[in-house]
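Right, one structure below, let's go through it.
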Amino acid sequence: MTRRIIYPAVGLALGGLVLAGCSSSDEPGDSGSSGDGGDGGAMAAGCEAYADYGTFDGESVEIYGTQVDEEADRLVESWMEFEECTGITVEWIGNQEFETQMNVRVEAGDPPDLAIFPQPGLAARFIEGGSVVPAPESVEANVDEFWTESWKEYGTVDGTFYAAPLMASVKGWIWYSPTQFAENGYEVPETWDDMMALTAQMAEDGADNSQYRPWCIGFESGEATGWPGTDWIEDIVLRQQGAETYDAWVAGDVKFSDPEIVEAFDTFGEIALNADYVNGGIGGPETIASTAFGDGGLPILDGNCSLHHQASFYEGFWPEGTVVAEDGDIWAFITPKINADDPDAVTGGGEFITAFNDNPATVAFQTFLSSDTWANIRVGLGGVISANQGLDPANASSELGTAAIELLQSEDTLFKFDGADLMPAAVGSASFWTGITDWVQGTKSTEEVTSFIDGTWPSS
Amino acid sequence: MSAAIAPEPVVDEPSGTPSGGKAKRVKKRLTSRTATFFAIVIAALWTIPTFGLFVSSFRPDTDIANSGWWTIVTNPSFTLDNYVAVFSESGASSASLGVYFINSIVITLPATVFPITLALMAAYAFAWIPFRGSSWLFVLVFALQIVPLQMALIPLLKIFNYPWLDIGGTFPAVWIAHTIFALPLEIFLLHNFISEIPRDVMEAAKVDGANHAQIFRRVVIPLSVPAIASVAIFQFLWVWNDLLVALVFSGGTVKTAPVTQRIAEFAGTRGNDWELLTAAAFVGTIVPLIVFFSLQRYFVRGLLAGSTKG
Amino acid sequence: MMTVHAGLVAGALRTEGFWTEQSPKLGFAAIAIVVFLAVMGLVMFLADNAPRKGRDVVQLLLFVLPAMLLLAAGMIWPALSTMWQSVTSKAGEFVGLDNFVTIFTDPTGQVVLRNTLLWVVFVPLISTVVGLAYALFIDRAKGERILKSLVFMPMAISFVGASIIWGFMYTYRSEGFPQIGLLNQILVWLGMSPYQFVETPPWNTFFLLVVMAWIQTGFAMVVLSAAIKGVPAEIVEAAELDGASAWERFLHVTLPWIRGSLVVVVTTITISTLKVFDIVRTMTGGQYNTSVVANEMYTRAFRLGQPEIGAALAVVLFILVLPIVIYNIRVLRQHKETH
């Protein structure tokens, strides 16, 4: 039911858009300039932030992405003011056939002006294909100013910077119900061992409810089924082995069958393969693979489980009316460290935007999207966060968003990008997913699964 | 094939007029209890899955996730919310469902008329205009059915984007693409039908001095109405249910995207909007069902390689 | 309630300009159809009035050329470039059969081929047998149209829609948990343990291909039903007088009579079965050893950035369909000779 929300702002912005469209077609060049009209002052006041991008007449920019529905609505809203002030019309196309469409249109020599890639690995593939143009100076300047070195690195191929980061998500949150915790006297665990002890405690306490298990896990995601499992493994590898091994693993220098990674599988297996610990409200470990990731955490609300591991975006998945707050119905803590004195470490993902031409309108829009102005607008509309350093955490639409942004901006946080997104597609978007699905399904042992994934790593 | 049947030349004869023999046969058939039993079982098996989804589309979201649809018998719950949501909802990046419906109609009608017209002409030529290499060319067309359309997307879009054509991202591009993808199967099916027209009928027309164009208009088209209607239904269903071709060639903006795109959006990146998906899936099926019901009588009258005779 | 209200208001606001915005599109489609038919009328006119000398050639060209030109541009050319791509590397160098070797040595490659063979045998078989049986059983029965519509209905549902419907049927919950999928509920009612239809190889392939058979049965049924109605009553009566049983009449009278239609049905279903990937993609994404060649082709070409492997898989599909093409050529030849 969450989708029925109507944003008053949209209506207003749409109205404004129509007006702007009319005026620009009637009197070219008039819109946006601090004209002589009665409300000219108001327009100019609203458009000050956009002065640098210039004004355009009848230009349009086509942008592709994977976002649909609410997410797409918010994106479109986030640049309505930009459209109004610059006169550029942004043509948004978002759908689930993104990869196919991008492949086809790029190969056919008809790419969109801009594309938002859900992961840097996919962007890199198109960059290597030669169709993407390097980021213009104005974009690179923004990224240098507002993002950390490592974020810029994800958008860089062979020393040239192409893809500016856009939105981000922090992975490895563990969702729980503060009320349930308070009732049972549970405390948020500090270390992995604490968490395992808590899990054991929960399993014991919940024994009289035959549907109760401490953990809820859902892997199902259509052809991407299994990705929530890869997030688990990444979180564990980063915490157990540290940043160096993590990077080596992502680069393919540490194999899946090496003891470091096998250990992570075994650690995850203590939860995911234990029929006493999973899968609340639905069944045993064999139901993990077939449970939709979006439904994964919902049994917490029915009291059928207590813990659910999922990224920050999961906040939007709770039914309407669920209060997500430290003292509300639902809250989350970051997956605990192994030792209490380890540094804070999180994994996360992000979206990257690339341009396929350097038309002035494209550059203007691309520059806007890499600015702190846009990051603040977009985050203010809710549902996402960004790693943009110019972002005011208070702008986040929720407490959790604020917490996540603070985590991203903190210098003490060791941030590592989602490993599967950086691995070659044949592994990160294929065999790692299918492998962990088979593993949790019980059809492959840890040994079999890790050597299977190693076998699919492209040789070149 | 030679044993197959020729179309009934009299087009207007009401179907199923039982002669004495037929009436007798009806009795025989209906007395077979096993046949009736199996017919009922098949009908049930083929209906229940859809029925389950249909029932679910009227259930509140929490019920869908927690109990089977058959429990409405013991625990009735009913809501129209899902449909209200599907119809009324629109946002900054999407329009109301009505816009997508219009787009689907704009895509589907020409994409049904174009290929059938061209296929009918080609099928006639293959069947009744003897020329060297005719059968080889026909076999080639037949074999083209297996070219996966995914493999044809890129070369075709390249052609559409040539400066002298430049129709990529417009409705005509979608129409032409659908036309091309439909031709092999339609030529094959219509050829099977047209080639069964009795030779004497064609010869009679020839004797009257008719040329190919005249025979095509006066004899072939009137006789092929049932086959044309049947092929039209399949093409309509195919185009209506297509997402990929429309997306690639029409650009995929709200201005041109079909209903299937909107339904896919309800499915979303998350699997947890069952209630909207179920309702949207049914809304998307309404038009194909109407088309089927309104053209259904042609199926009974005769189709493709066979027709009523008796 | 508040939000519903707001939603309806927003909807009303949008409808105000709805027709002014949408009717030009409909008009465009209508004009396109009219123009197209006018052009075709012109073609007919030209054909009619072609000079007597060489008229047959002109007419032939006018009839065949439009379709052939479109096919050459949109199918033959892509087919040839796909074949070329299948023997080249990503960089465009000729590599012989390397891509095919990759497919067949890939750990999942053989499973994919085995599954595809299962699909291509069982989908046409199930759809045709069930469709034919149903068409026979309900022939001239009361309410035949409605009974037909029931089985035809899945044809009106998209592949993705059908996958969702069946995914719903197959849903699994562990023993002791409330089932929400009908099939598992039935198992539980029968006192058996729930079963993971989609996730348990090797039978899951069968449960997936049933979805395709479920869709295609409607096609088989309508075509074969029409063919059955074409069987002359006199022949059936004659067979009856000879004392033939219902089964014998079916075998010796009906079956030979509808053979042509059967070939069409089996051919069409087989080819669409080979090409379909939406079902696998929606239901399992090719996991649990359920992938088929078409799905693998799609994944490789578009998701994994290996278009050359995708092209090789497309060629494998083509080779798989060759027997059907050859059979149809033979039927065609016989037909031409006897006709």
Side-chain angles (χ1 to χ4, degrees), chain B residues 1-5 21-22 26 35 38-39 42-43 46-47 49-50 52-53 68 88 96 102 106 109-110 113-114 117-118 121-122 125 129 131 139 143-148 150-152 155-156 159 180 183 192 212-213 237 241 281 285 288-289 292 299 302-310, chain C residues 7-8 11 14 22 25 29 32-33 40 44 47-48 59-60 63-64 66-67 70-71 73-75 77-79 82 134 137-138 140 147 150-151 156-158 161 165 169 180 182 185 222-223 226-227 229-230 232-233 237 256-257 259-261 264 271 275 298 314 318 321 325 329 331 335 338:
Chain B
M1 277 296 241
S2 55
I5 320 87
K22 277 176 187 167
V26 173
F38 278 113
I42 293 171
W46 257 251
T47 321
T50 321
L53 197 75
S88 65
S96 67
I102 301 275
V106 172
L109 291 182
V113 174
F114 292 4
T117 313
L118 296 176
M121 290 165 63
I129 308 183
F131 62 97
V139 164
L144 284 177
Q145 282 185 71
I146 194 55
V147 176
Q150 292 80 22
M151 291 298 151
L156 200 52
I159 294 173
I180 292 173
L183 280 176
N192 283 339
H212 282 304
L237 294 178
N241 285 328
T285 309
L289 283 181
F292 172 68
F299 280 136
L303 181 115
L304 314 181
S307 88
T308 53
K309 183 182 182 182
Chain C
L8 291 177
R14 280 168 178 284
Q22 301 305 318
K25 284 195 235 170
I33 293 176
M40 287 300 130
M44 285 293 154
D48 265 351
Q59 292 194 334
L60 173 70
F63 270 78
V64 181
L70 285 173
L71 284 176
M75 305 226 82
W77 167 242
T82 300
Y134 192 73
F137 294 156
I138 65 163
R140 296 189 168 85
L147 288 170
L150 290 179
V151 171
I157 300 170
S158 64
I165 287 174
M169 290 289 285
I180 65 168
L182 180 63
Q185 180 66 69
V222 287
V223 176
K229 288 184 194 307
E237 271 164 39
W257 192 265
R259 185 171 153 249
S261 301
V264 172
I271 292 178
K275 287 203 289 186
Y298 184 87
F318 195 87
V321 94
V325 175
I329 294 172
V331 170
H335 179 60
T338 54

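Just so we're on the same page: letters track the sequence lines, and every chain starts at 1. Everything quoted here is computed from the prediction, not taken from an experiment.
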#### Entry: Nearest-0.5 Å distance that lies between atom CD1 in C:I165 and atom OG1 in B:T50
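Separation between the atoms: 4.5 Å.
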
Chain C contact via [X] - side chain, backbone, both or neither, heavy atoms under 4.5 Å:
X: B:L156; answer: side chain
X: B:L144; answer: both
X: B:A281; answer: neither
X: B:L109; answer: both

### Query
Is any side-chain heavy atom of C:Y298 closer than 4.5 Å to a side-chain heavy atom of B:P148?
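Not touching, per the 4.5 Å side-chain cut-off.
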
#### Entry: Side chains of C:F137 and C:L147 in contact at under 4.5 Å (non-hydrogen atoms)
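No - every pair of side-chain heavy atoms lies 4.5 Å or more apart.
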
#### Entry: Among C:L150, C:T82, C:I33, residue most engaged with chain B (heavy-atom pairs, under 4.5 Å)
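Result: the option with the highest number of such pairs is C:I33.
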
Nearest heavy-atom pair of [X] and [Y]: which atoms, and what distance?
X: B:A43; Y: C:Y134; result: CB-OH, 3.6 Å
X: B:F131; Y: B:A125; result: CE2-O, 4.1 Å
X: B:V147; Y: C:A79; result: CG2-CB, 3.8 Å
X: C:W257; Y: C:A227; result: CD1-O, 4.2 Å

### Query
Hey, which of B:V106, B:L53, B:T47 has the most heavy atom pairs under 4.5 Å with chain C?
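Going by pairs under 4.5 Å, I would pick B:V106.
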
### Task
Heavy atoms only, distances under 4.5 angstrom: which of B:P110, B:A143, B:P288, B:G52 has the most pairs with chain C? Name it, please.
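Among B:P110, B:A143, B:P288, B:G52, the one with the most close pairs to chain C is B:P110.
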
Contact class of [X] relative to chain B, heavy atoms under 4.5 angstrom:
X: C:V321; value: side chain
X: C:M40; value: side chain
X: C:K275; value: side chain

